[in-house]
Trainee: 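Please see the structure below; I have some questions.
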Amino acid sequence: MLKLEYVSVTRGKTATLHDVSLTLAPAKTLAVVGESGAGKSTLLAAVLGLVRLSRGSVTWMDDAVHRCHPALVMQEPRAAFNPALSLRRSVGEPLKARKLTLDKARLERLCRGLELPPDLLDRRPSEVSIGQAQRVGILRALIAAPALVLFDEPLSALDAVTQKHTARLISELQVEEKFAALIVTHDLGYAAAHSDEIAVLRSGRIEEIATAEAFIERPQTDYGRTLRDAAFSLGALEGAA
Amino acid sequence: MTLSVTGLSASRSGRTILHPTSLNIETGERIGLVGASGSGKSTLGNALVDDLRARGQSVAHVPQSPDEALDPLRSLNFHWAETERALGLAADPVRRQGIFKALRIDGGDLRKRPWGWSRGMQQRFVIAMALMGAPDLLVLDEPTSALDPVVAARTMDLLDEHLSGGRTAMLLITHDLGLAARRVDRLIVMDDGKIAEDAPTQTLLNAPQTPAARSLSAHRNWLSLPC
């Protein structure tokens, strides 16, 4: 279980995260939504141990998070790869870092799950489509079987059809792999369709946390309502009750 | 006045990325140009803007990236004054403040260069420039892609309001059929550099005829996807 307790991060004089407390169980998905500058990226950095906490703690199964080797899927698929390396070598990096050997059967299974043709990995990032590059990014995140995977706006660079397809592949793999997923996004439609819980972050504070259904049906705060209504007006929540 | 273009096409490195395309746009009409990445939406938008401008029509264009619209070496003040001059308008701080307030960029420092503002603010600045006059056509290429949902919704509402009742036609280019469907009367679906389908919004949503339109229509909502 990922546990954030009273996490505060201060940059310069301003607090970018303020007393954030969250929990996320294995095999579950938590989506953190909020606008630019709300502290979403700082939250990911805090979980990964990339920023110093001024207060509070982040743990995985009551131990330091880095011990569970969390993986990260980034926003810009092509920029997330070394352009000079074949995708196959990039995918091998997490294994190399942990001195693990490649389980070929696992690689094949994940490639099938992500609908990546076997020879695609021999290309460089610039030689595949953005949608394919992002699926390779997910493959790289999952190759070493992490218990916790963080997703930073994983679909925002993809077109509407590819977004939904990729989201479905992630959810299907999660059922098999049972990783906990922490998704940072400003797409409430994605959050509503693919997470168990939604946390609304605003100015570094958690405004509310609820199950996805409850949040879409009845946000508890004014800001939550503003977010939900905006998503409705953009057509992102069509089909919801 | 109906705007018409005929036989627009484009190729890159010997490959045709836009097959000969003709299009009529009625006065005040709102059209969504939708399709997957790489289907030729922006190419058609750019070709349309160039062709109409070359024939003396006034077209405001909000490109996908504010970098394409703004000169990194010039202040935002300069951009604004240049647009006013080009449109033959007198400097009007009140009008400017009104548009800026509505787009929530009234707090920005206009003495700065574009890169002194966030990307979302730059995008809204370009939209503000496009709203200054009353062009025959307003072409918006993914206008909300760099914006947060709350700001994006407000911006789309402002555009609706600004265009309602006027003579300016709008071409909204987006990969997101769900977004376009709420804002336009007519949808054009692009696929592989060609117009695959062109129909009134409700017709296209209810009875898409081509595979490209069917895929977009089936995937337009997060919460009611086909299994």
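In what follows, every heavy atom counts, from backbone to side chain, and hydrogens, waters and symmetry copies are set aside. Order of the sequence lines fixes the chain letters, A, B, ..., with proteins taken first and strands second; residue numbering starts at 1 for each chain.
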Trainee: What parts of residues 97-110 of chain B touch chain A if we use heavy atoms and a cut-off under 4.5 Å?
Mentor: none
Trainee: Are a donor atom and an acceptor atom from the side chains of A/Asp159 and A/Thr162 found within less than 3.5 Å of each other?
Mentor: yes
Trainee: Salt-bridged, A/Arg225 to A/Asp222, with N to O below 4.0 Å?
Mentor: yes
Trainee: Run the salt-bridge test on B/Arg186 and B/Glu26 with the 4.0 Å N-O cut-off and return the result as yes or no.
Mentor: no
Trainee: Using modelled atom types and a 3.5 Å cut-off, is there a donor and acceptor pairing between side-chain atoms of B/Arg167 and backbone atoms of B/Thr27?
Mentor: no
Trainee: My understanding is that only residues two or more places apart in sequence, or in another chain, count here; which of them pass side chain to side chain contact (heavy atoms under 4.5 Å, CB included) with A/Arg205?
Mentor: A/His18
Trainee: Hey, are B/Arg30 and B/Asp185 close enough for a salt bridge, meaning a charged N less than 4.0 Å from a carboxylate O?
Mentor: no
Trainee: Which residue pairs satisfy the salt bridge (charged side-chain N to carboxylate O under 4.0 Å, His left out) criterion with at least one member in residues 180-199 of chain A, sequence neighbours excluded?
Mentor: none
Trainee: Among residues 19-33 of chain A, which residues come closer than 4.5 Å to chain B, judged by heavy atom distances?
Mentor: none
Trainee: Does the Lys NZ or Arg CZ of A/Arg140 fall within the cation-pi geometry relative to A/Phe81 - under 6.0 Å from the ring centre and within 45° of the axis?
Mentor: yes
Trainee: I need the residue from A/Ala193, A/Gly189, A/Ser129 with the largest number of non-hydrogen atom pairs under 4.5 Å to chain B.
Mentor: A/Gly189
Trainee: Look at the rings of A/Phe179 and A/Phe151 and say which category their plane angle falls in: under 30° parallel, 30 to 60° tilted, over 60° perpendicular.
Mentor: tilted
Trainee: Which answer fits A/Ile130, side chain, backbone, both or neither, if we ask what part of it has an atom under 4.5 Å from a heavy atom of chain B?
Mentor: neither
Trainee: Check this for me, if you would: do A/Glu35 and A/Lys40 make a salt bridge, where the nitrogen-to-carboxylate-oxygen distance has to be below 4.0 angstrom?
Mentor: no
Trainee: I'd like to know if B/Lys41 pairs up with B/Asp191 as an ion pair, taking the criterion as any Lys NZ or Arg NE/NH1/NH2 lying under 4.0 Å from an Asp or Glu carboxylate oxygen.
Mentor: no
Trainee: Does any heavy atom of chain A fall under 4.5 Å from the side chain of B/Arg154, the backbone, both, or neither of them?
Mentor: neither
Trainee: If we count only N and O atoms by modelled type, under 3.5 Å, do the side chains of A/Arg89 and A/Ser86 hold a donor and an acceptor together?
Mentor: no
Trainee: Answer with side chain, backbone, both or neither: which region of B/Ala181 has an atom nearer than 4.5 Å to a non-hydrogen atom of chain A?
Mentor: neither
Trainee: So which of B/Ala180, B/Pro149, B/Gly120, B/Ser215 has the biggest tally of heavy-atom pairs under 4.5 Å with chain A?
Mentor: B/Pro149
